[in-house]
Amino acid sequence: MSNPEKIALLTDSTADLPAPMREGKPIYVVPLKIRCEDGEYSDGVDITAEGVYERLHRGELPRTSLPEGGVVSDTLDQIRADGYERVIAVMLSSGLSGTYNMVRLQAGQRDDLEIAVFDSRSGSLGIGIMVLQLWEEIVAGASWETLVRERAPHLVANTFPFFSVDTLEYLRRGGRIGRITALAGTMLSIKPIITFSDDGQLQSIAKVRGRRQVQDKILELLRARFQSGRRYNLAVANGGAPEEMAEFAARLKAEFPNYEHFWEGVMDATLSVYIGDGVIGGGIQFLD
């Protein structure tokens, strides 16, 4: 694959890019940490979303924390050892985590790598598809200057994920509620639809009654964002709801058939601490 400027991509475990999606691509991932009653784990390394769901269901509320500084440093060392000279890092929204700031500070201390760090102002597959699309553009021959000055900022500003949560209880208990009112989600069968605000915090933008309405509402929100004539990618993700995601993926493809890429993902353990299971999401990313 063409990568004459020797560019690697760096993200964190909340980008929901499991090993098969990264295969053959220079995408490096630093795991966030999850503190549980029986010890500390690394997201995607020795704990998965399923492990978090089990803990939540039995009443435990795990805590999340930043990647270890040494792990970030070691990952950058590995990128250099693997022969890369430049790094584009796209990290979890600074409205939710200090990960972006931590990586930015570490990047500033390196003189062996040229590193550009971006605040995704997003999470989950919203980050993941920014990283995947940047790799598509590297392979297509985009220069470092173009990627860093134009394309990465464009993708941050033009990637729009929406997802439902089955309950707002975990967001409330974890202190990540942002602008979301917990009360609205505690009413029986009310399902909030959540996106990211301009400053990268979680924001409830719609509520529906019952799970059947969730897909309809997300499709409606995506239709409102859609602008014909623009090139776009699509993505879907789920947390503990794979059958619903498959059904939703088919509806999304039928609604917006002219996509360039369609990506599917599974929620990471870190975000699952705050949103629980029964999660379904979809997003659109405009390329021009």
Side-chain angles (χ1 to χ4, degrees), residues 1-31 44 71-92 99-100 103-104 106-108 110-122 124-161 229-237 253 256-266 268 283-288:
M1 289 185 188
S2 171
N3 186 1
E5 297 194 64
K6 298 186 171 63
I7 301 168
L9 296 159
L10 176 68
T11 189
D12 58 67
S13 56
T14 67
D16 297 347
L17 293 176
M21 289 178 86
R22 304 195 309 269
E23 195 171 342
K25 309 174 184 78
I27 298 173
Y28 295 77
V29 176
V30 292
V71 171
V72 176
S73 177
D74 290 349
T75 304
L76 292 172
D77 289 347
Q78 185 64 56
I79 288 171
R80 191 71 192 91
D82 289 345
Y84 297 100
E85 296 172 0
R86 295 182 164 111
V87 183
I88 300 174
V90 185
M91 313 310 293
L92 175 61
T99 303
Y100 157 74
V103 172
R104 192 177 59 80
Q106 289 228 13
R110 306 289 296 215
D111 51 15
D112 58 339
L113 288 165
E114 190 172 357
I115 307 174
V117 188
F118 294 91
D119 178 355
S120 70
R121 302 201 297 273
S122 191
S124 185
L125 213 58
I127 310 173
I129 65 174
M130 294 178 201
V131 174
L132 292 170
Q133 179 58 31
L134 285 168
W135 176 240
E136 296 291 329
E137 298 188 16
I138 290 168
V139 172
S143 69
W144 168 259
E145 284 293 311
T146 299
L147 291 163
V148 167
R149 291 178 184 274
E150 298 172 22
R151 297 308 298 158
H154 174 89
L155 293 172
V156 168
N158 288 277
T159 299
F160 303 104
R230 297 182 76 182
R231 296 182 305 120
Y232 60 92
N233 295 328
L234 298 172
V236 291
K253 288 175 179 176
F256 306 104
N258 299 316
Y259 55 87
E260 302 211 350
H261 295 282
F262 191 100
W263 285 303
E264 296 187 7
V266 176
D268 55 276
I284 192 162
Q285 177 183 69
F286 293 106
L287 300 177
D288 49 20

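Only heavy atoms go into these numbers, but all of them, side chains included; no hydrogens, no water, no symmetry mates. Everything numeric in this text was worked out from a predicted model, so none of it was measured.
Put simply, the side chain of Pro161 does not reach to within 4.5 Å of the side chain of Ser124, judged on heavy atoms.
For Glu150, there are no salt bridge (charged side-chain N to carboxylate O under 4.0 Å, His left out) partners, not counting sequence neighbours. For Asp111, there are no salt bridge (charged side-chain N to carboxylate O under 4.0 Å, His left out) partners two or more places apart in sequence or in a different chain. Taking Glu5 as the reference, Arg86 meet the salt bridge (charged side-chain N to carboxylate O under 4.0 Å, His left out) condition, with sequence neighbours excluded.
Residue pairs satisfying the side chain to side chain donor-acceptor pair (under 3.5 Å) criterion with at least one member in residues 137-146, sequence neighbours excluded, are listed as follows: Glu114-Trp144, Gln133-Glu137, Glu137-Arg151, Ser143-Thr146, Glu145-Arg149.
Met91 approaches Tyr100 most closely through the heavy-atom pair CB-CA, 3.8 Å. The two atoms that bring Glu260 and Leu287 nearest to each other are OE1-CD1, 3.7 Å, heavy atoms only. Here the closest heavy-atom approach between residue Gly265 and residue Leu125 is recorded as N-CD2, 3.7 Å. Closest non-hydrogen pair, Tyr232 versus Pro257, comes out as OH-N, 3.7 Å. Between Val71 and Pro31 the shortest heavy-atom distance is CG1-CD, 3.9 Å. Taking both residues in full, the closest heavy atoms of Arg80 and Asp112 are given as NE-O, 3.0 Å, listed atom of the first, atom of the second, then distance.
Between atom CG of residue Leu155 and atom CE of residue Met130 there is a gap of 7.5 Å, rounded to the nearest 0.5 Å. Between atom CG of residue Leu234 and atom CD of residue Glu264 there is a gap of 11.0 Å, rounded to the nearest 0.5 Å. From Ile129, atom CD1 reaches atom CD of Glu136 across 12.0 Å, with rounding to the nearest 0.5 Å. Interatomic distance, His154 NE2 to Leu134 CG, rounded to the nearest 0.5 Å: 11.0 Å. The CG atom of Asn233 lies 11.5 Å from the CG atom of Asn158; values are rounded to the nearest 0.5 Å.
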Checklist entry - Ile284 and Tyr259: side-chain contact (heavy atoms from CB on, under 4.5 Å), yes or no, with the steps? => result CA-CA 9 Å; Ile284 192 162; Tyr259 55 87; over 6 Å; no
Checklist entry - Yes or no on side-chain contact (heavy atoms from CB on, under 4.5 Å) for Asp119 and Val156, after CA distance, side-chain angles and deciding distance? => result CA-CA 8 Å; Asp119 178 355; Val156 168; over 6 Å; no
Next on the checklist: Between Thr159 and Arg121, is the side-chain contact (heavy atoms from CB on, under 4.5 Å) condition met? List the steps.
Outcome noted: CA-CA 10 Å; Thr159 299; Arg121 302 201 297 273; over 6 Å; no
Checklist entry - Leu132 and His261: side-chain contact (heavy atoms from CB on, under 4.5 Å), yes or no, with the steps? => result CA-CA 10 Å; Leu132 292 170; His261 295 282; over 6 Å; no
Could you go through residues 20-30 and list every donor-acceptor pair under 3.5 Å that involves a side-chain atom there, pairing it with any protein atom two or more places apart or in another chain?
unit_1: Arg22; atom_1: NH1; unit_2: Leu17; atom_2: O; d: 2.5
unit_1: Lys25; atom_1: NZ; unit_2: Met21; atom_2: O; d: 2.8
unit_1: Tyr28; atom_1: OH; unit_2: Asp82; atom_2: OD2; d: 2.6

Which donor-acceptor pairs under 3.5 Å do the side chains of residues 7-15 make with protein atoms, sequence neighbours left out?
unit_1: Thr11; atom_1: OG1; unit_2: Val90; atom_2: O; d: 2.7
unit_1: Asp12; atom_1: OD1; unit_2: Thr14; atom_2: N; d: 3.0
unit_1: Asp12; atom_1: OD1; unit_2: Thr14; atom_2: OG1; d: 2.5
unit_1: Asp12; atom_1: OD2; unit_2: Leu92; atom_2: N; d: 2.8
unit_1: Ser13; atom_1: OG; unit_2: Leu32; atom_2: N; d: 3.1
unit_1: Ser13; atom_1: OG; unit_2: Asp43; atom_2: OD2; d: 2.9

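Asp16 places a side-chain N or O within 3.5 Å of a backbone atom of Asp268 that can act as its donor or acceptor partner.
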